[in-house]
Amino acid sequence: MTTYRSDFLHTLHERGYIHQVSDEAGLDDLFARETVTAYIGFDPTAPSLHAGGLIQIMLLHWLQKTGHRPISLMGGGTGMVGDPSFKDEARQLMTVDTIEANISSIKRVFANYLAYGEGKSDALMINNAKWLRELNYLEFLRDVGRHFSVNRMLSFDSVKTRLDREQSLSFLEFNYMILQAYDFVELNKRYDVRLQMGGSDQWGNIINGIDLGHRMGTPQLYALTSPLLTTASGAKMGKSVNGAVWLNPDMLGPYEFWQYWRNVEDADVGRFLKLYTTLPMDEIARLSAVGGSEINDVKKIFATEVTAMLHGRAAAEAAAEAARRTFEEGGISADLPTVEVPAAELEAGIGVLAAFAEKAGLVASNGEARRQVKGGGLKVNDATVTDEKAVITGRDLSAEGVVKLSLGKKKHVLLKAV
RNA sequence: GGGGGAGUGUCCCGAGCGGCAAAGGGGGCGGACUGUAAAUCCGCUGGCUAUGCCUUCGUAGGUUCGAGUCCUACCUCCCCCA
């Protein structure tokens with residue numbers, strides 16, 4: 001099935017968001033007929049979501065944009081259990097405090113993509129701790145647990161690696177899929193949710209929710225999953241030079257976020273424009289037709305669009321401008337990541353190794369800084385460091401009052417005297 | 001409950017006669033080539049106040065001049081029998 005009647009599925013399809021749908025025709029019909037409420041769950045395993053979760057947020061964004069109601073579900077309850085799907089081993093259990101702190105930190109990003117409120121298609125943010133934490137064990141077993149066949153649960157791909165390798169899958173983790181299934185039913189009762197979306201690794205969990213719904217008398221529920229995204233060369237999305245590509249600005253600044261997208265592989269540009277920006281399809285088609293080195297201009301537009309959605313248009317353009325000055329003019333820009341150092345300390349002189357390792361954090365240790373010097377990877381004000389004993393002093397300050405430290409060609413940090 | 005096997009450089013996989021900061025690979029980082037791309041080639045990939053010192057091979061002890069390597073106990077996982 002390639003033609004959809006509903007705006008929502010049509011848009012998702014043409015932009016490449018769809019991996020699997022449980023009952024395409026039925027779901028399309030539902031979306032064409034009424035305002036639908038759908039949700040995606042986010043587990044609070046870190047203080048911020050990262051680029052890997054952006055697809056999910058975009059799904060909710062399009063849902064709202066095509067006139068329906070998105071719910072972002074925070075896993076304050078399920079987070080206490082930990083999703084074992086496709087994991088090799090159990091995650092460390094998180095404390096309630098950590099979970100709550102992570103949730104409040106994660107929450108902030110959503111407002112950039114969704115309009116929250118009380119209206120018909122206004123988004124809702126809900127925490128499943130609300131109903132999961134107060135469940136009564138015996139009642140839950142009798143009302144919900146009796147509908148689950150362990151035989152069937154064991155057959156899911158999501159737990160297969162564990163079982164095949166005969167690695168332990170604790171009873172605690174085993175319950176995750178039951179809780180997630182229960183969430184779906186509960187959300188249907190409370191908010192008339194009909195559809196759960198998620199990454200392709202969530203398919204089994206979502207289907208469980210649909211089955212549970214059948215047995216507990218909900219209307220027909222639906223599942224829709226997005227493809228597991230990898231780059232053209234097969235790497236997972238969301239990893240960058242210094243680790244994960246976090247969405248929270250305090251964990252990764254707009255400039256570095258912009259850089260991540262600026263550096264995607266050529267082969268990914270067309271696909272990513274559709275997935276990560278809201279540019280119209282005809283413009284994307286035009287941009288995707290560009291070949292050769294001109295694709296660099298397309299990448300800049302792409303990076304700016306993605307950054308603008310998350311950090312705002314102004315921050316995105318500042319990041320683009322900072323990159324232009326840094327890479328195209330070889331100059332410096334105040335929008336590069338900046339570390340402040342006391343003027344007195346700078347006057348006294350800072351060893352290059354310490355400057356790169358301790359101050360700028362561009363390398364992990366003095367030892368690594370030393371190795372990079374040997375390999376010609378460190379630069380101070382664009383001059384390659386050749387002597388590991390060199391000292392940076394006030395004389396190295398530029399007219400703007402900063403010293404530019406670079407690791408390789410792409411990573412720059414400014415030391416600013418204060 | 002009985003018998004057998006395994007846990008290695010905190011990214012992963014993985015070799016390791018008692019002299020080991022520990023082979024090899026993947027990944028990552030840097031360099032060259034380019035277009036801030038990919039592919040390819042080269043180098044690096046425990047820490048430090050550094051011709052030396054310190055910390056690493058599941059955990060804790062022991063044997064030894066010296067232990068990843070041998071012994072004991074414990075933990076975890078796997079296989080076979082019950």
Side-chain angles (χ1 to χ4, degrees), chain A residues 50 86-92 161-170 173 230-245 255-273 287-288 290-304 306-307 319-333 335-337 349-354 356-358 360-380 382-389 391 404-413:
Chain A
H50 56 77
F86 299 98
K87 302 270 186 342
D88 286 342
E89 47 191 52
R91 280 230 194 80
Q92 181 93 40
T161 47
R162 287 278 194 93
L163 298 175
D164 285 352
R165 293 167 63 177
E166 305 210 20
Q167 276 176 327
S168 141
L169 173 69
S170 72
E173 296 174 278
T230 58
T231 67
S233 41
K236 275 188 200 135
M237 287 298 295
K239 292 276 284 182
S240 85
V241 288
N242 293 325
V245 181
Y255 171 79
E256 287 149 302
F257 186 79
W258 191 92
Q259 281 295 319
Y260 175 75
W261 300 105
R262 167 65 183 81
N263 281 300
V264 298
E265 296 170 31
D266 287 8
D268 286 327
V269 173
R271 192 163 54 107
F272 285 4
L273 276 167
L287 292 171
S288 300
V290 173
S293 65
E294 281 175 43
I295 199 168
N296 282 316
D297 294 322
V298 176
K299 286 186 189 175
K300 289 176 205 164
I301 294 169
F302 167 62
T304 303
V306 180
T307 308
E321 175 59 15
R324 193 186 65 77
R325 274 195 230 146
T326 306
F327 287 96
E328 293 172 31
E329 294 177 4
I332 54 178
S333 161
D335 285 309
L336 288 175
I350 302 172
V352 266
L353 301 183
F356 276 90
E358 289 155 35
L362 281 167
V363 293
S365 67
N366 286 5
E368 192 187 333
R370 202 169 277 119
R371 277 181 233 120
Q372 289 294 0
V373 169
K374 250 179 231 150
L378 299 188
K379 292 192 189 110
V380 173
D382 298 315
T384 303
V385 177
T386 51
D387 177 8
E388 61 181 57
K389 294 210 174 70
V391 173
K404 180 179 168 192
L405 304 183
S406 313
L407 167 63
K409 283 175 291 199
K410 296 183 188 174
K411 279 152 278 179
H412 311 281
V413 167

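Because the structure is a prediction, the values reported are computed rather than measured. Letters go in sequence order (proteins before strands), and every chain restarts at 1.
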- Applying the 3.5 Å cut-off to both distances, the Watson-Crick or G-U partner of B/G46 turns out to be B/C54

- Query: Do A/Leu362 and A/Leu405 have side chains that get closer than 4.5 Å, going by heavy atoms?
  - Reply: yes

- Task: Identify, with sequence neighbours excluded, every residue that meets salt bridge (charged side-chain N to carboxylate O under 4.0 Å, His left out) alongside A/Glu388.
- Result: A/Arg370

- Within the structure, does a side-chain N or O atom of A/Lys389 lie under 4.0 Å from either OP1 or OP2 of B/U49? no

- Message: Could you work out, with side-chain contact (heavy atoms from CB on, under 4.5 Å) as the rule, every residue matching A/Asn263, not counting sequence neighbours?
- Response: A/Gln259, A/Lys410

- Item | Partners meeting side-chain contact (heavy atoms from CB on, under 4.5 Å) with A/Val391 (sequence neighbours left out) | A/Thr393

- Query: Among B/G30, B/U36, B/G35, which nucleotide sits nearest the side chain of A/Leu407?
  - Reply: B/G30

- For A/Thr304, all residues meeting side-chain hydrogen bond (donor to acceptor under 3.5 Å, both in side chains), sequence neighbours excluded: A/Trp258

- side-chain hydrogen bond (donor to acceptor under 3.5 Å, both in side chains) filter on A/Lys409, not counting sequence neighbours, yields none

- Query: Across the strands shown, which category fits A/Gln259 at heavy-atom distances under 4.0 angstrom: base, sugar-phosphate, nothing?
  - Reply: base

- Item | B/U76 - base-pair partner by Watson-Crick or wobble geometry, distances under 3.5 Å | B/A6

- Query: Nearest to the side chain of A/Asn296 - B/G35, B/C33, B/A37?
  - Reply: B/G35

- Message: Applying side-chain contact (heavy atoms from CB on, under 4.5 Å), can you list everything that pairs with A/Ser288, at least two apart in sequence or on another chain?
- Response: A/Leu273, A/Ile284

- B/G30 OP1/OP2 closer than 4.0 Å to side-chain N/O of A/Lys410: no

Kindly give the atom pairs (protein nitrogen or oxygen, nucleotide nitrogen or oxygen) under 3.5 Å for nucleotides 44-47 of chain B.
unit_1: B/G47; atom_1: OP1; unit_2: A/Ser365; atom_2: OG; d: 2.9
unit_1: B/G47; atom_1: OP2; unit_2: A/Arg371; atom_2: NH2; d: 2.4

- Which part of the nucleic acid, if any, lies within contact of A/Leu378, taking any heavy atom under 4.0 Å across all strands shown: a base, the sugar-phosphate backbone alone, or nothing? nothing

- Query: Hey, is the side chain of A/Lys409 pairing donor to acceptor with the base of B/U34 inside 3.5 Å?
  - Reply: yes

- Message: Taking side-chain hydrogen bond (donor to acceptor under 3.5 Å, both in side chains) as the definition, give me every residue that meets it alongside A/Glu329, ordered by chain and number, with sequence neighbours left out.
- Response: A/Arg324

Could you list the protein-to-nucleotides 40-43 of chain B atom pairs, N/O on both sides, closer than 3.5 Å?
none

- Task: Name all residues meeting the side-chain contact (heavy atoms from CB on, under 4.5 Å) criterion together with A/Ala354; count only those two or more places apart in sequence or in a different chain, and write none if there are none.
- Result: A/Ile350, A/Glu358

- Query: To the nearest Å, how far apart are A/Glu328 CD and B/U36 C1'?
  - Reply: 9 Å

- Looking at side-chain heavy atoms only, is the closest gap between A/Glu321 and A/Ser333 below 4.5 Å? no

Pick out the pairs of N or O atoms, protein on one side and nucleotides 51-56 of chain B on the other, that lie under 3.5 Å.
none

- Item | Proximity to the side chain of A/Lys299 - top-ranked nucleotide from B/U36, B/C33, B/A37 | B/A37

- Please identify each residue that fulfils side-chain hydrogen bond (donor to acceptor under 3.5 Å, both in side chains) with A/Lys404, with sequence neighbours left out. A/Asp382

- Message: Can you measure A/Glu265 atom CD to B/U34 atom C1' for me and round it to whole angstrom units?
- Response: 15 Å

